[in-house]
Amino acid sequence: MITSTPAVAAAVTGVVGVAVTALLDLGLIAPVALAIGVAVAAACAALLGPRGSGEAASPLHRRLVPLVAGALAILLGLLTAVIADLWLIEPVAYPLGALVGSLLGFWLHRRLGTLLSLAISAVAIAGVLAFALTALVLLVTGVDPVYTFGRMLSYGSQPDSIVTIINTATTYYLSAVAVAIGFKMKLFNIGVDGQYRLAALLAAAVGGAWVLPPGLHQFVIILVAVAVGGFWAGIAGYLKVTRGVSEVISTIMLNSIATGITAYLLSTDRLAIEIGTNNVGTPPIPESGWIPGIPAGFMGADREIFGLSLLAVAVGVGYWLLLNRTRFGFDLRATGQSATAAQASGVDVKKMVLISMVISGMVAGLVGMPQLLGDSHYYALDFPTGLGFTGIAIALLGRNHPVGIALAALFWGFLNHSAQILDIDGIPKEIAVVTQATIVLTVVVVYEIVHRWGRRYEQQQVGKELGRVKVATS
Amino acid sequence: MSQTLEVATPQVAPPRARNRWRILSIVFAAFVALSAVRMFTGQPVLTGSGTIQATLAFAVPIGLAGLGGLWAERAGVVNIGLEGMMVFGTWFGAFAAYTTGNPWAGLVAGVLGGVFGGLIHAVATVTFGVDHIVSGVAINILAVGAMRYLSILYFQDAPGGGASQSPPLPGFPRVGLPFVDSLLGPVEERQWFLVSDLAGLVIGLTTDMSVVTLLAILLVPASYWLLWRTPFGLRLRSCGENPDAAESLGVRVNGYKYVAVLVSGGLAGLGGVFLAMVASSIYQEGQTGGRGYIGLAAMIFGNWRPGGLAMGAGLFGYTDALQVRGSGGAVHALLVLIALALVAVAVWQWLRGRRIVAGVSLGFAVVLGAWYLLTDTLPRELVTYSPHIATLLVMALATQRLRPPAAAGRPWRRGGGS
């Protein structure tokens, strides 16, 4: 079997997964059938064919990767099935989910690295811990955790909820990528919050003041937002490079100053007009500047997905390309790992700090755009605030990886939205915030522990190997 | 995890004694100038006893947060979670005071709430080596959500309470020297140059002060004494300067870091108690309003020293107080003071031969003077955020003269230096 080509092996895995799921579906409930089917398929993948990566020899890799790949495959298969179930009949949706899950399991099994598997298991452990702690808080305060989580899950998986979750996740994603660009450099851009609010306000003001042909109008609005965000972050970068001011403190101060400037400009004497009762905002952007939503009728939702969610996807791809496929990205990661080593190998660290701060701010400028161009069309007092801090948490949860951040953003959006239903039952919906904060704390702690443990394990393995070599040669 | 950049730092600090006299004389000169500006602009609010009292009320939470930051950073742990620890302090203080009806129970509970936040930070950063800023940010998120959750559970159904506020809370006793006001009050009203101002200052500092304010003021010299004049403080600070060296001398570095971060949380919690029960009489969501961050700014402003920190907190409190009491006009008068200061800087720099700096200062002074003459008041939003602008300017102009603890913010592990 070892000699089989990858294509054949993948096909075999897929067929096994679908067949087992379809068979079990006759006797068991569909999700369980799918889980077992994908698990069997993942086991097949583990038996079939060599792994792609070169570090396959390490025992840690051999033990950890099949487990992580299998678990991820089941999870993703279930997710696909649940979404497909919205507009397909169940006997088709679940085998389809099984197919996706099995193939993903096969692919993950071959491509997953040890470090990434460690990171994923860390996040999983942290997730379990966070939910256990949340359940504990609920129990102590006299609320039934099982009922609470059940309500959230059933409300959060309704079609309209999924659209809302995707929309909020779009915003979160942009914010988190902005933060992550800084993180990769070991730069703390806490100022995303101020950057996006200032950018959204000025972009909305420009968009509302001019009428331009469609296409150009949106372009100009987004350009203004990007420029303002980049400029505001650039101040912190400039101060750091020329005056040695810690970007943590300067961006916190710039956040507050941005709040002051928006409050100053958002008055009827200046940029704003009356909008409704007790609300002032910039003049609404004419329709030529709107970005239409993507109709989500195919899964039974009345709401539309933000058109700019595609922009978030593009930013994610761009972030990945920038980091992994350009010289700039290489320099950036090198500076993040060791500024002195990067300096020694000819990287202009100061220039890198300034440029990455500005890029981070430019992405931050985009954060308010999906909401502005896709929904509200003006910047008013009720424009969402605090997204920059959410971005920090999500970037931490997603370990600065473009896909990880996307999953974290969706998860965050799910918690936020699905908790809304709890108010009806008299359970404070802020329990979601408790879960979110706990998961961030546990993720960073567990990741640190797992990372340390993994490194020590590897060292022991290397030591063993060396010992064996010595014994053999002597 | 902050990226460190080398920007030229002077190696030799000026001698301490000279430094102290220089600061004292600058403070005195500023006071005289303030008095002159009061005479010139006819704004008695600038140095009135009420303003001084308001300044104290605004400065105390900032100063307590700053002291918290000082304790943690002197032991090498950056504590950006001060804001969250203050939130813990406001809520737990309010909860205990409301349920027992005793303000002192609230004080203890609020401090313990802050210590709880400090404990989370210490476990994450000291035991597990998590990045300090990451942990702090997570604590800030946690505090806001968790306290809102608890408010809904415990305050919503209480009379006068709600999802984002507590029922009315008991207050602390107030203390003061009774005869000072009757003795110096008439002097203050005469509006004599310097004399009335001094009278206002003395009345403000001795009359009708909350016990917590007094406690907070005393904590500044207490912190100085503990950290700079005792073996305990020397060891604690050595953990923030060079933990490897401290460890090699037998100092239990992680133990000291724990103590420092717990004290830091407790001080922030006390700041929270002050906000909920002295500056106001109910707990409200968002009551801290970023004062934890401003406290950090005051600490940086004060070059990681208690005295400087108190001055920074006082300055930030003063602008807040003027804005509340003087409603724009008084702060407007401060433009003259800043312009005067810039003229002084210009003269000084001119004498030192730095013609360009002097010219720029003079230019700014002229602009500010013109601004004063051409307008009647300042935009409220600008005044509210003047501490933030001031911090940014101070950091931009003086970062090279600031000296943070050498190992602040670096995760440290036992036995790593060998």
Side-chain angles (χ1 to χ4, degrees), chain A residues 137 141-143 183 185-188 190 235 239-250 252-257 259-265 267 335-336 339 349-350 353 389-390 392-393 396 427-438 440-441 443-449 452, chain B residues 1-9 78 80 120 123-124 127-131 133-135 137-153 156 163 290 293-294 296-297 300 379-389 391-392 395-400 402 404 409 411:
Chain A
V137 171
T141 49
V143 180
F183 272 155
M185 267 288 286
K186 293 220 161 80
L187 273 176
F188 250 96
I190 295 185
I235 297 175
L239 284 178
K240 181 171 185 72
V241 171
T242 55
R243 315 294 309 178
V245 179
S246 154
E247 80 283 1
V248 176
I249 300 297
S250 63
I252 288 174
M253 295 304 135
L254 284 169
N255 271 347
S256 305
I257 296 171
T259 309
I261 295 177
T262 45
Y264 176 75
L265 292 177
S267 102
T335 318
V349 172
K350 287 191 175 184
V353 167
F389 293 100
T390 314
I392 298 175
L396 289 172
I427 306 169
K429 62 173 183 294
E430 277 64 31
I431 192 67
V433 186
V434 176
T435 313
Q436 288 165 346
T438 331
V440 170
L441 263 178
V443 157
V444 290
V445 170
V446 172
Y447 188 78
E448 198 68 38
I449 298 171
R452 262 183 212 179
Chain B
M1 156 158 171
S2 184
Q3 188 67 255
T4 44
L5 282 180
E6 290 301 324
V7 178
T9 315
V78 171
I80 210 145
I120 301 178
V123 169
T127 306
F128 291 119
V130 170
D131 183 82
I133 310 261
V134 168
S135 165
V137 169
I139 287 172
N140 289 342
I141 298 173
L142 176 72
V144 173
M147 292 312 107
R148 191 170 159 80
Y149 177 76
L150 291 177
S151 295
I152 291 177
L153 283 180
Q156 192 151 40
Y293 298 128
I294 295 288
L296 273 186
I300 294 168
R380 186 174 48 81
E381 296 84 3
L382 190 74
V383 180
T384 310
Y385 294 99
S386 50
H388 307 84
I389 300 171
T391 308
L392 212 55
M395 303 256 312
L397 297 176
T399 296
Q400 278 104 326
L402 298 178

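In what follows, chains are A, B, ... by sequence order, proteins preceding strands, each numbered from 1.
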Looking at [atom1] of [X] and [atom2] of [Y], how far apart are the two atoms once the value is rounded to the nearest 0.5 Å?
{"X": "Lys186(A)", "Y": "Ile133(B)", "atom1": "NZ", "atom2": "CD1", "result": "13.0 Å"}
{"X": "Ile120(B)", "Y": "Leu441(A)", "atom1": "CD1", "atom2": "CG", "result": "6.5 Å"}
{"X": "Asn140(B)", "Y": "Ile392(A)", "atom1": "CG", "atom2": "CD1", "result": "9.5 Å"}

- Item | Residue Ile190(A) versus chain B: region with a heavy atom under 4.5 Å |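 Ile190(A) touches chain B through side-chain heavy atoms alone.
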- Query: If you tally heavy-atom pairs under 4.5 Å against chain B, which of Ile427(A), Val433(A), Ile257(A) wins?
  - Reply: Ile257(A)
- Query: Hey, which of Leu239(A), Ile431(A), Val440(A) has the most heavy atom pairs under 4.5 Å with chain B?
  - Reply: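 Most heavy-atom pairs under 4.5 Å with chain B: Ile431(A).
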- Query: Less than 4.5 Å apart, any side-chain heavy atom of Ile80(B) and any of Ile252(A)?
  - Reply: yes
- Query: Do Asp131(B) and Phe188(A) come within less than 4.5 Å of each other through their side chains, counting heavy atoms only?
  - Reply: yes
- Ala138(B) and Ala437(A) have their tightest heavy-atom pair at O-CB, 4.2 Å
- Of the non-hydrogen atoms in Met253(A) and Ala297(B), which two are nearest, and what is the gap between them? CE-CB, 3.5 Å
- Message: My understanding is that only residues two or more places apart in sequence, or in another chain, count here; which of them pass side-chain contact (heavy atoms from CB on, under 4.5 Å) with Val446(A)?
- Response: Ala122(A), Ile125(A), Ala126(A), Leu129(A), Val450(A)
- Task: Quick one: list whatever passes side-chain contact (heavy atoms from CB on, under 4.5 Å) with Pro428(A), sequence neighbours left out.
- Result: Glu430(A), Tyr149(B), Ile152(B), Leu153(B)
- Side chain, backbone, both or neither of Ser151(B) within contact of chain A (heavy atoms, under 4.5 Å):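 For Ser151(B), no heavy atom lies under 4.5 Å from chain A.
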